[in-house]
Amino acid sequence: MITYVDAETKSRRTSGVIPLHGEAGFAGMRKAGRLTAEALDLLVAAVQPGVSTAALDRLAYEFAQDHGAIPATLFYKGYRHSICTSINHVVCHGIPEERPLREGDVVNIDLTLIVDGWYGDSSRMYPVGEISRKAERLIDVTYQSLEAGIAAARPGRTTGDIGAAIQALAEAERTSVVRDFVGHGVGQLFHDEPNIMHFGVSGTGVPLKPGMIFTIEPMINLGRPHVKILADGWTAVTRDRTLSAQAEHSIGITETGVEIFTLSPRGLFNPLDARR
Ligand code: MF3
Ligand code: CO
Ligand code: CO
């Protein structure tokens with residue numbers, strides 16, 4: 001059985017029910033999502049050959065400090081950084097390090113800023129200098145799959161409709177969808193109900209209702225979908241070492257469709273667009 005509950009009355013701990021947020025929640029997410037997007041915009045110019053992901057992490061931390069926000073990943077389950085930086089065959093949860101980025105790398109930067117208690121969660125792909133044609137294609141497919149997932153989200157549809165739309169697009173382009181990580185409810189908790197799978201069957205899963213707030217964050221591989229976790233306990237990589245890409249928005253279900261909270265104010269959500 002699926003239970004929904006008014007977010008205002010819900011205990012702040014995950015309890016197997018799906019919170020439905022009102023105007024206060026949407027206002028809170030708008031502010032947190034926008035600040036996260038501004039930080040991800042700022043990083044576009046900063047990602048260059050020779051720059052380390054640790055330096056990008058420091059930039060994100062300073063941005064948060066300067067704007068009265070807290071990076072949600074800092075000290076989250078023992079994680080010690082403000083962003084995740086997932087380079088090339090790293091699928092997600094890559095840890096910032098001092099090693100410089102190299103021309104041709106592609107890096108996902110995932111940032112969640114907490115503003116007034118609300119969590120804005122988003123990630124994008126950043127090209128480092130000139131990148132290969134196949135990397136460009138994978139990045140485009142990944143953004144298209146996220147768009148397809150968002151387009152499938154509205155009242156009366158289900159979480160399975162979102163997954164099915166993402167999977168159909170990705171597999172039609174001969175890429176694969178990672179199964180091991182999912183989107184998630186977000187709001188005054190980092191990871192809430194429901195899970196949003198990026199694959200699946202239309203009409204299955206949880207019915208979407210106005211007031212639901214969650215992320216969609218497909219991870220798409222050029223090769224096979226399987227991942228493994230490195231010895232650091234965080235870094236997820238493709239088992240076949242093929243390239244992986246991810247893009248993430250935080251969205252809310254409205255009466256008629258969706259509101260995207262983490263849109264780029266400068267139109268840089270796919271930094272590749274800015275180059276074309
Ligand atoms: N921001 C990630 C997400 O999209 C979660 C990162 S948790 C961390 O859900 F600890 F790995 F940083
Ligand atoms: Co997320
Ligand atoms: Co994220």
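Whatever order the structure lists them in is the order used to number ligands and atoms, beginning at 1.
In summary, the side chains of T235 and D232 do present a donor paired with an acceptor at a separation below 3.5 Å, with no hydrogens or angles considered. Inspection of the E147 and Y143 side chains reveals no N or O donor paired with an N or O acceptor under 3.5 Å.
We find that D41 and R124 are joined by a salt bridge, their nearest charged nitrogen and carboxylate oxygen being less than 4.0 Å apart. Salt-bridge annotation for E259 and R34: absent, with no side-chain N of the basic residue lying under 4.0 Å from a carboxylate O of the acidic one.
Side-chain contact between S264 and L40 is absent, with no heavy-atom pair separated by less than 4.5 Å.
With distances taken over non-hydrogen atoms, the option nearest atom 1 (N) of ligand 1 out of V186, I83, V182, D110 is D110.
Distances shorter than 4.0 angstrom occur between a heavy atom of F190 and an atom of ligand 1.
Closest to atom 4 (O) of ligand 1 among all protein heavy atoms lies E217 OE1, 2.8 Å. Considering only non-hydrogen protein atoms, atom 12 (F) of ligand 1 sits nearest to T73 CG2, 3.0 Å. Distance from atom 8 (C) of ligand 1 to its nearest protein heavy atom, with residue and atom name: W234 CZ3, 3.7 Å.
V206 and F199 fall within the same hydrophobic cluster, defined by Ile, Leu, Val, Met, Phe, Trp and Tyr side-chain heavy atoms under 4.5 Å apart, directly or through other members.
Residue H184 has at least one nitrogen or oxygen atom sitting less than 3.5 Å from a nitrogen or oxygen atom of ligand 1, judged on distance alone.
Contacts of L111 with ligand 1, taken as heavy-atom pairs under 4.0 Å, are absent altogether. The part of H191 lying near ligand 1 is the side chain, judged by heavy-atom distances below 4.0 Å. Neither the backbone nor the side chain of K77 has a heavy atom within less than 4.0 Å of ligand 1.
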Exercise. Could you go through the side-chain contact (heavy atoms from CB on, under 4.5 Å) check for L146 and H198 one step at a time?
Key: CA-CA 9 Å; L146 173 58; H198 304 112; over 6 Å; no
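Close contacts between ligand 1 and T112 involve ligand atoms 1 (N) [criterion: under 4.0 Å to a heavy atom]. For ligand 1, the atoms lying closer than 4.0 Å to a non-hydrogen atom of E248 are 4 (O).
Only protein N, O or S atoms were scored, and 4 of them lie under 2.8 Å from the Co ion (ligand 2).
Within a 6.0 Å sphere centred on CZ of R241, other residues, nucleotides and ligands contribute 12 heavy atoms or fewer.
The aromatic rings of H184 and F190 stand perpendicular to each other, their planes meeting at an angle above 60°, with 30° marking the opposite boundary. Using cut-offs of 30° and 60° for the angle between ring planes, the Y79 and H81 rings count as perpendicular.
Looking at D121, T262, T215, T36 one by one, the single match for side chain to side chain donor-acceptor pair (under 3.5 Å) with T112 turns out to be D121.
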